[in-house]
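Notes to accompany the following structure.
Chain identifiers are assigned alphabetically (A, B, ...) following the order of the sequence lines, protein sequences preceding nucleic acid strands; residue numbering begins at 1 within each chain. Just the heavy atoms: all of them, side chains too, but no hydrogens, waters or symmetry mates, feed the values below.
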Amino acid sequence: MNTVKPWDKDLLAEPSMQPVPDYLENFYDEHIYFSKEASTGGQSVGGGGCGCN
Amino acid sequence: MQLKKIRHELGVAGCALLQVPVAGVNAANSEWDIDTAVLYYAEGDGRVSAFEPAIYAGKDLDDGGRIDLRLVLDVLTGATPNGAHASSVTQTFTTPSGQSSYTAQPGETPLDDSFKDTRLAGAADWTLPVNRLSRVKLGLNASREYDYTSLGASATYLQDFNGRNTTLSAGLAFNNDTIRPVGGVPTPLSPMRQPGATNRVGPEDTKTVADMILGLTQIISRHTLVQLNYSLGLSDGYLTDPYKIVTVVNPVTGLPDNTALLNVNADALPYVYEKRPDSRQINSVFFRTVHHFTRDVINFSYRYFWDDWGITSNTFDLKYRYEIGRGYLQPQVRYYLQEAADFYRHNLVQGTDVDASGAVLLDTVSSDYRLAKMTTTTLSLKYGHALGESSEWSIRAGLMNQSVDDGDVPAGEETPDTDAIILNAGYSFFW
């Protein structure tokens with residue numbers, strides 16, 4: 001595994017290469033599955049609580 | 001202008017490693033990235049529906065830091081399962097307020113149709129540079145709905161290594177939640193009573209949640225990055241669902257039977273309020289990889305989850321972004337498999353689980369299908385379209401199915417599938 005130089009990070013810099021490319025869409029998904037399933041978390045901390053589960 | 005754009009894009013790459021959310025399009029440093037979206041979620045058979053507008057705003061600061069803000073309104077209506085299973089006889093239940101009743105006809109899954117709530121939630125994150133290669137992200141969050149209030153704070157430290165090809169992160173979060181159920185907090189494992197009388201321990205209760213995460217993000221090549229997180233969560237306090245009940249059945253007929261519960265309350269119905277443990281430790285390992293095919297992008301994640309309630313789960317999520325001119329098409333598949341909690345029960349059997357005096361002989365029990373052995377499958381399709389350099393709109397439609405494995409239960413008492421549509425639209429721009 002070679003170190004990728006800053007000038008070779010053009011593709012990595014594209015919005016589609018973000019681990020979470022759509023912040024609100026990801027938030028919606030996390031909220032839906034938090035309320036409908038017994039498992040939660042894994043991506044980050046600090047999302048806040050909800051009475052839905 | 002071009003230099004500014006390149007500088008920003010490299011900054012975005014850093015943000016990717018830092019898990020700092022960015023808008024779906026590129027922005028100049030001095031501008032706000034604004035994402036607006038609305039979600040419509042609706043379950044079949046007149047069950048829960050949600051309308052959820054949201055706005056996110058983020059901005060890079062002159063000192064190399066960043067602020068991110070989020071505000072969400074959540075309007076919920078519809079009927080929700082109360083935990084009791086379908087029966088071959090008509091069933092009558094008392095609403096959470098204790099003032100009225102509702103019925104489920106033979107073969108119908110009992111649904112409480114008094115469910116209605118509006119939730120407002122806000123969050124703010126402030127990322128501060130510590131030095132050239134490290135940052136601290138501080139967050140606050142709060143939400144309020146009719147019967148629930150949540151307040152929380154978080155802190156995450158992020159350190160870059162290896163020519164900013166590697167980022168390690170460590171985060172902590174703490175939440176303090178207050179539950180004020182309609183009608184008060186039910187006495188756990190006590191009978192549901194006919195309208196006009198209730199078994200309650202008080203107006204409200206609380207719980208605390210502490211979460212920890214350790215993360216590694218690694219650039220593998222010019223085309224690929226991977227992410228690996230370990231998360232630990234500790235919850236203490238009132239973890240029971242105050243609106244869920246469990247059916248007590250006759251050992252011979254299998255029908256709801258309140259004979260023993262009548263020794264507790266003369267107006268007892270054949271149901272008791274559920275009770276979950278007052279603590280929970282959850283763990284998860286989360287893996288994600290994102291790969292750029294020079295044109296299209298694939299984003300795959302997997303999570304293994306386990307807790308001390310006996311629940312384990314596997315979650316697979318795959319998105320493929322197919323570029324089409326100025327737009328893109330993105331199909332998504334998510335598959336989730338869950339094993340049941342140790343205290344999940346289809347019902348309680350009189351004489352075995354409930355003694356002659358009406359006392360429940362189990363410490364904890366729940367019939368909430370969300371704690372059962374089940375699978376969730378979601379298929380969705382998204383289309384996004386760029387409007388010039390500075391804005392983008394998108395729309396996504398999805399179908400979700402939840403299927404519970406009840407095991408060996410009498411015919412007609414099976415938990416029905418939950419089917420839902422998920423529609424969301426978004427518009428991102430700079431301001």
Can you establish whether the number of heavy atoms outside Tyr230(B) located under 6.0 Å from its atom OH is more than 12? yes
Engaged part of Ile311(B) at the chain A interface, taking heavy atoms whose separation is under 4.5 Å: side chain
Counting only heavy atoms closer than 4.5 Å, note whether Asp177(B) contacts chain A via side chain, backbone, both or neither. side chain
Return yes if some donor-acceptor pair links the side-chain N/O of Tyr41(B) with the main-chain N/O of Tyr28(A) below 3.5 Å, else return no. no
Any donor-acceptor N/O pair, Asn165(B) side chain to Thr3(A) backbone, under 3.5 Å: no
Modelled atom types, side-chain donor and acceptor of Tyr369(B) and Lys36(A), under 3.5 Å: yes
Flag the pair Leu39(B) / His31(A) as yes when at least one side-chain heavy-atom distance between them is below 4.5 Å, and no otherwise. no
I need the Cys50(A) SG to Asp74(B) CG distance, nearest 0.5 Å. 6.5 Å
Considering only heavy atoms from C-beta outward, does the side chain of Gln330(B) approach that of Glu25(A) to under 4.5 Å? yes
Applying a strict 4.5 Å limit to non-hydrogen atoms, the region of Gln332(B) in contact with chain A is side chain
Using a 4.5 Å cut-off on heavy atoms from C-beta on, say whether the side chain of Ser394(B) contacts that of Asp22(A). yes
To the nearest 0.5 angstrom, please state how far the CD1 atom of Ile422(B) sits from the CG atom of Asp29(A). 6.5 Å
If we ignore angles and hydrogens, is there a donor and acceptor under 3.5 Å between the side chains of Thr376(B) and Glu37(A)? yes
I'd like to check the salt bridge (Lys or Arg N to Asp or Glu O under 4.0 Å) partners of Arg222(B); sequence neighbours left out, ordered by chain and number. Asp10(A)
One should read off an interatomic distance between Thr224(B) OG1 and Leu12(A) CG, to the nearest 0.5 angstrom, of 8.0 Å
Atom group of Glu52(B) that falls short of 4.5 Å from chain A, counting heavy atoms: both
Are the side chain of Asp35(B) and the backbone of Leu24(A) linked by a donor-acceptor contact shorter than 3.5 Å? no
Ring-face cation of Arg334(B) near Tyr33(A) (centre distance under 6.0 Å, axis angle within 45°): yes
Rounded distance [0.5 Å steps], CD1 in Ile282(B) versus OG1 in Thr40(A): 6.0 Å
For the residue pair Arg303(B) / Gln43(A), report whether a side-chain donor-acceptor contact shorter than 3.5 Å exists. no
With rounding to the nearest 0.5 Å, note down the distance linking CG in Leu11(A) to OG in Ser221(B). 9.0 Å
Taking side chain as everything from C-beta outward and backbone as N, CA, C, O, which of these in Asn299(B) sits under 4.5 Å from a heavy atom of chain A? Side chain, backbone, both or neither. side chain
Arg280(B), part contacting chain A, at a heavy-atom distance under 4.5 Å: side chain
Which atoms of Tyr336(B) come close to chain A, meaning under 4.5 Å heavy atom to heavy atom: side chain ones, backbone ones, both, or neither? side chain
Select one option (side chain, backbone, both, neither) describing which atoms of Cys52(A) are under 4.5 Å from chain B's heavy atoms. backbone
Per-residue contact mode, Val48(B) against chain A (heavy atom under 4.5 angstrom): neither
Arg396(B) versus chain A, the contacting section by heavy-atom distance below 4.5 Å: side chain
Using every non-hydrogen atom in the two residues, find where Ser284(B) and Gly41(A) come nearest and quote the distance to one decimal. OG-C, 4.3 Å
To the nearest 0.5 Å, how far apart are CG in Asp125(B) and OG in Ser44(A)? 9.0 Å
